[in-house]
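Reading through the structure tokens given below for one structure.
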Amino acid sequence: QVQLVESGGGSVQAGGSLRLSCARSGYSLYVAWFRQPPGKGREGIGAIVTPNGNTIYADPMKGRFTISQDNAKNTVYLQMNSLKPEDTAMYYCAAKHSLGSTLSEYVYTYWGQGTQVTVSS
């Protein structure tokens, strides 16, 4: 069983930065970040392979979003830079043990409760 707790969300002006945290209890092979804008479906941002720190990102998310981890704290981070109003969303972390697809929400078993990010213009 894996439990995930996100933190670090809040309100920020366009152009600003935020770093979200995902505190994890238990082991998982992958930890991913997703977001769900108001009135829209959930979209994948990227994922990290926890044993070696390799990362993969969805093409629209490359450049402004960076996923990293602190193994000592069992925490995965999402650094978000140059934020835009369209980045406003609920942000979730998710975890899974299985190999294969990493950016589809349907393959993830464990989910956090989410943290809200609001970007104002």
Side-chain angles (χ1 to χ4, degrees):
Q1 191 78 4
V2 178
Q3 293 184 328
L4 305 168
V5 179
E6 302 96 335
S7 62
S11 297
V12 63
Q13 288 192 328
S17 298
L18 278 176
R19 189 179 77 161
L20 307 183
S21 299
C22 174
R24 180 179 56 150
S25 66
Y27 172 79
S28 62
L29 185 58
Y30 292 92
V31 175
W33 285 96
F34 292 84
R35 70 181 186 184
Q36 187 165 17
K40 297 184 179 180
R42 198 170 292 181
E43 56 186 358
I45 298 170
I48 189 165
V49 184
T50 60
N52 58 22
N54 288 345
T55 53
I56 183 170
Y57 298 93
D59 285 343
M61 308 298 176
K62 291 178 180 177
R64 297 189 298 120
F65 295 88
T66 303
I67 297 173
S68 62
Q69 65 181 358
D70 183 334
N71 289 330
K73 296 181 179 179
N74 209 13
T75 298
V76 174
Y77 302 100
L78 176 65
Q79 178 68 43
M80 306 185 293
N81 298 325
S82 302
L83 286 164
K84 306 174 183 179
E86 50 264 44
D87 294 318
T88 295
M90 185 70 79
Y91 284 72
Y92 300 89
C93 63
K96 72 182 182 90
H97 302 303
S98 60
L99 296 171
S101 174
T102 54
L103 296 177
S104 168
E105 63 177 303
Y106 301 107
V107 302
Y108 283 86
T109 307
Y110 307 101
W111 289 84
Q113 82 290 349
T115 186
Q116 177 68 38
V117 172
T118 302
V119 184
S120 58
S121 57

Q) Thr50 side chain to Tyr30 main-chain N or O, any donor-acceptor pair under 3.5 Å? A) no

Name each donor-acceptor pair under 3.5 Å that joins a side chain in residues 114-121 to protein atoms two or more places apart or in another chain, with its distance.
| residue | atom | partner | partner atom | Å |
| --- | --- | --- | --- | --- |
| Thr115 | OG1 | Gly9 | N | 3.1 |
| Gln116 | NE2 | Ala89 | O | 3.3 |

(Q) Please evaluate residues Leu18 and Tyr91 with respect to the criterion side-chain contact (heavy atoms from CB on, under 4.5 Å), reporting the C-alpha separation (whole Å), side-chain torsions for both, the decisive distance (0.1 Å), and the verdict. (A) CA-CA 12 Å; Leu18 278 176; Tyr91 284 72; over 6 Å; no

(Q) Looking at Ser98, is its backbone amide N or carbonyl O close enough to the side chain of Lys96 to form a donor-acceptor pair, meaning the two atoms are under 3.5 Å apart? (A) yes

Q. Can you list every pair that meets salt bridge (charged side-chain N to carboxylate O under 4.0 Å, His left out) and has a residue in residues 3-25, with sequence neighbours left out?
A. none

Q. Is a salt bridge present between Asp59 and Lys62, judged by a nitrogen-to-oxygen distance below 4.0 Å?
A. yes

Q. Are Glu105 and Gln36 close enough that some pair of their side-chain heavy atoms sits under 4.5 Å apart?
A. no

Q: Check the angle between the aromatic planes of His97 and Tyr27 and answer parallel, tilted or perpendicular using the 30° and 60° thresholds.
A: parallel

Q. Sequence neighbours excluded, which residues qualify as salt bridge (Lys or Arg N to Asp or Glu O under 4.0 Å) partners of Lys73?
A. none

Q. Closest approach of Asp70 and Tyr77, non-hydrogen atoms and distance?
A. CB-CE1, 3.8 Å

Q) Is Gln13 atom CD crowded by more than 12 heavy atoms from other residues, nucleotides or ligands, each under 6.0 Å away? A) no

Q) Can you tell me if CD on Gln3 sees more than 12 non-hydrogen neighbours from other groups inside 6.0 Å? A) no

Q. Which heavy-atom pair separates Cys93 from Val31 by the least distance, and what is that distance?
A. CB-CG1, 4.5 Å

**Q.** Any donor-acceptor pair under 3.5 Å from Tyr108 side chain to Thr102 backbone
**A.** yes

